[in-house]
Amino acid sequence: TTPTTRLDGVGDEGKTTSLDKPPADKWTRLEFLGEMEEELETLDGEDGLNKMFQDLYKDADDDQRRAMMKSFVESNGTVLSTDWTDVGKKFVEPQAP
């Protein structure tokens with residue numbers, strides 16, 4: 001049988017799949033983003049959005065995670081930045097939707 005990929009990134013045999021971490025190569029990364037987009041399309045509304053944010057946070061480095069937390073908290077949930085060099089220097093103002 002052919003192993004299937006579940007949305008949690010684990011195949012039937014318990015090995016992680018290629019959707020766990022984006023590749024560095026430009027063309028492979030484009031293919032990865034296409035696969036990720038197809039995966040998200042299978043999820044409805046809020047579930048797809050939550051999955052995207054979970055993957056973004058999971059694949060971020062420490063500075064990106066700090067930037068995400070600081071920007072989200074200080075802006076009352078209206079801004080999400082991954083740029084610590086920018087966010088780390090100033091207060092993140094709330095933005096109108």
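Because the structure is a prediction, the values reported are computed rather than measured. Numbers here simply count residues along the sequence, with the first being 1.
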Chemist: Who are the salt bridge (Lys or Arg N to Asp or Glu O under 4.0 Å) partners of K89, not counting sequence neighbours?
Modeler: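 K89 satisfies salt bridge (Lys or Arg N to Asp or Glu O under 4.0 Å) with no other residue.
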
Chemist: Pairs in or reaching into residues 67-82: which pass salt bridge (Lys or Arg N to Asp or Glu O under 4.0 Å), with residues at least two apart or in two chains?
Modeler: K70-E74

Chemist: How does the hydrophobic cluster around V92 look, that is, which other residues are in it when side-chain heavy atoms under 4.5 Å mark a link?
Modeler: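 Answer for V92: V79, V87.
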
Chemist: Applying side chain to side chain contact (heavy atoms under 4.5 Å, CB included), can you list everything that pairs with E46, at least two apart in sequence or on another chain?
Modeler: N50

Chemist: Who are the side chain to side chain contact (heavy atoms under 4.5 Å, CB included) partners of L80, not counting sequence neighbours?
Modeler: F53, L56, M68, S71, F72

Chemist: Roughly how far, to the nearest 0.5 Å, is CE of M69 from CD of Q64?
Modeler: 14.5 Å

Chemist: Holding to side chain to side chain donor-acceptor pair (under 3.5 Å), I want the full list of residues that pass it with Q54, two or more places apart in sequence or in another chain.
Modeler: none

Chemist: Side chains of T85 and D83: do they bring a donor and an acceptor to under 3.5 Å?
Modeler: yes

Chemist: Do M52 and D55 have side chains that get closer than 4.5 Å, going by heavy atoms?
Modeler: no

Chemist: Report the residues that fulfil side chain to side chain contact (heavy atoms under 4.5 Å, CB included) with D63, sequence neighbours left out, ordered by chain and then residue number.
Modeler: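 Side chain to side chain contact (heavy atoms under 4.5 Å, CB included) check on D63 returns D61, R66, W84.
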
Chemist: Any donor-acceptor pair under 3.5 Å linking the side chain of S75 with the backbone of P94?
Modeler: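 No, because the side chain of S75 does not come within donor-acceptor range (under 3.5 Å) of the backbone of P94.
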
